[in-house]
Amino acid sequence: MHSTWDSLDAVTSSHDPQLLKGVLSLLLLHLLAEQESYGYEVAQRLQAAGFTDVLEGTVYPALARLEREGRLTTRLVASSSGPARKYYRLTDAGHQALATGTTGWARHVAGVDAVLARPLPTAPQKGS
């Protein structure tokens, strides 16, 4: 059985921006459920997980959208190395969205895996 993270590795290796766009919110919610973080740190954690094409310019708008949707809350924390940092953490609605999204993603992956696991004919079929 593949884990969700195994499936996400497949997404990152292809660098398909449409697939990533569809799963970015779920990734952000998961990372922030693991630990409260500020935007740049979240971007670094995504990159460390193999999403090297995901930059802050993608992460910050997604975080702002999740905050507007009531899935994240923020707090400012003073920083000794510059301006205060905005830390993000999940709200109850964010935890619910993560649970729902994780279940949906697992169903999606299982469906795709089921189709791709079907044996192919030895010679391509001509016509349609």
Side-chain angles (χ1 to χ4, degrees):
M1 172 100 184
H2 294 294
S3 74
T4 299
W5 289 111
D6 290 340
S7 301
L8 295 177
D9 286 344
V11 171
T12 59
S13 66
S14 69
H15 299 286
D16 184 328
Q18 291 304 313
L19 288 176
L20 183 58
K21 183 179 178 184
V23 76
L24 181 60
S25 291
L26 184 59
L27 293 171
L28 294 173
L29 290 171
H30 188 91
L31 290 174
L32 292 169
E34 289 177 344
Q35 96 183 39
E36 179 183 51
S37 299
Y38 54 96
Y40 179 73
E41 182 179 56
V42 172
Q44 288 182 318
R45 290 171 63 201
L46 277 170
Q47 291 172 357
F51 294 88
T52 55
D53 293 342
V54 179
L55 305 174
E56 300 91 69
T58 303
V59 170
Y60 284 109
L63 290 171
R65 183 180 44 75
L66 289 168
E67 184 181 7
R68 280 191 311 276
E69 293 170 350
R71 295 176 179 175
L72 297 179
T73 187
T74 61
R75 66 187 180 99
L76 289 176
V77 177
S79 172
S80 59
S81 62
R85 292 181 174 152
K86 188 185 225 183
Y87 276 77
Y88 296 86
R89 67 176 179 269
L90 270 64
T91 61
D92 289 342
H95 284 283
Q96 181 59 46
L98 175 59
T100 302
T102 300
T103 300
W105 177 256
R107 228 180 2 256
H108 181 74
V109 168
V112 170
D113 283 346
V115 171
L116 295 180
R118 294 177 189 172
L120 296 173
T122 54
Q125 299 294 318
K126 299 213 181 217
S128 16

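Please read these numbers as outputs of a predicted model, since none were measured by experiment.
Of all heavy-atom pairs spanning V59 and G39, the tightest one is CG1-O, 4.0 Å. Closest approach of Y40 and Y60 over heavy atoms only: N-OH, 3.0 Å. Nearest heavy atom pair, residue R85 against residue Y38, reads NH1-OH, 3.4 Å. The two residues S37 and V42 make their nearest non-hydrogen contact at CB-CG2, 3.5 Å.
W105 has its side chain within reach of L26: a pair of non-hydrogen atoms, C-beta onward, lies under 4.5 Å apart.
Using a 4.0 Å cut-off between charged side-chain N and carboxylate O, E41 and R45 make no salt bridge.
Atom CG of D53 is separated from atom OG1 of T58 by 9.0 Å, given to the nearest 0.5 angstrom. With values rounded to the nearest 0.5 angstrom, R89 atom CZ is found 9.5 Å from H95 atom NE2. The distance from the CD atom of E34 to the CG atom of L29 is 11.5 Å, given to the nearest 0.5 Å. Going from atom CD of E36 over to atom OG1 of T73 covers 9.0 Å, rounded to the nearest 0.5 Å.
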(request) Give the C-alpha distance, both sets of side-chain angles, the deciding distance and a yes or no for side chain to side chain contact (heavy atoms under 4.5 Å, CB included) between L55 and Q47. (result) CA-CA 8 Å; L55 305 174; Q47 291 172 357; 3.6 Å; yes
(request) Go through the steps to decide whether V77 and R75 satisfy the test side chain to side chain contact (heavy atoms under 4.5 Å, CB included), and finish with yes or no. (result) CA-CA 6 Å; V77 177; R75 66 187 180 99; 3.4 Å; yes
(request) Mind running side chain to side chain contact (heavy atoms under 4.5 Å, CB included) on R65 and S25 for me, showing each step along the way? (result) CA-CA 9 Å; R65 183 180 44 75; S25 291; 2.5 Å; yes
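Side chain of T91 to main chain of G70: a donor-acceptor pair is present (N/O by atom type, distance under 3.5 Å, no hydrogens or angles).
Each of L72, L27, L66 was compared with L32 under the side-chain contact (heavy atoms from CB on, under 4.5 Å) criterion, and only L72 meets it.
No more than 12 heavy atoms of other residues, nucleotides or ligands shown are found within 6.0 angstrom of NE2 on H108.
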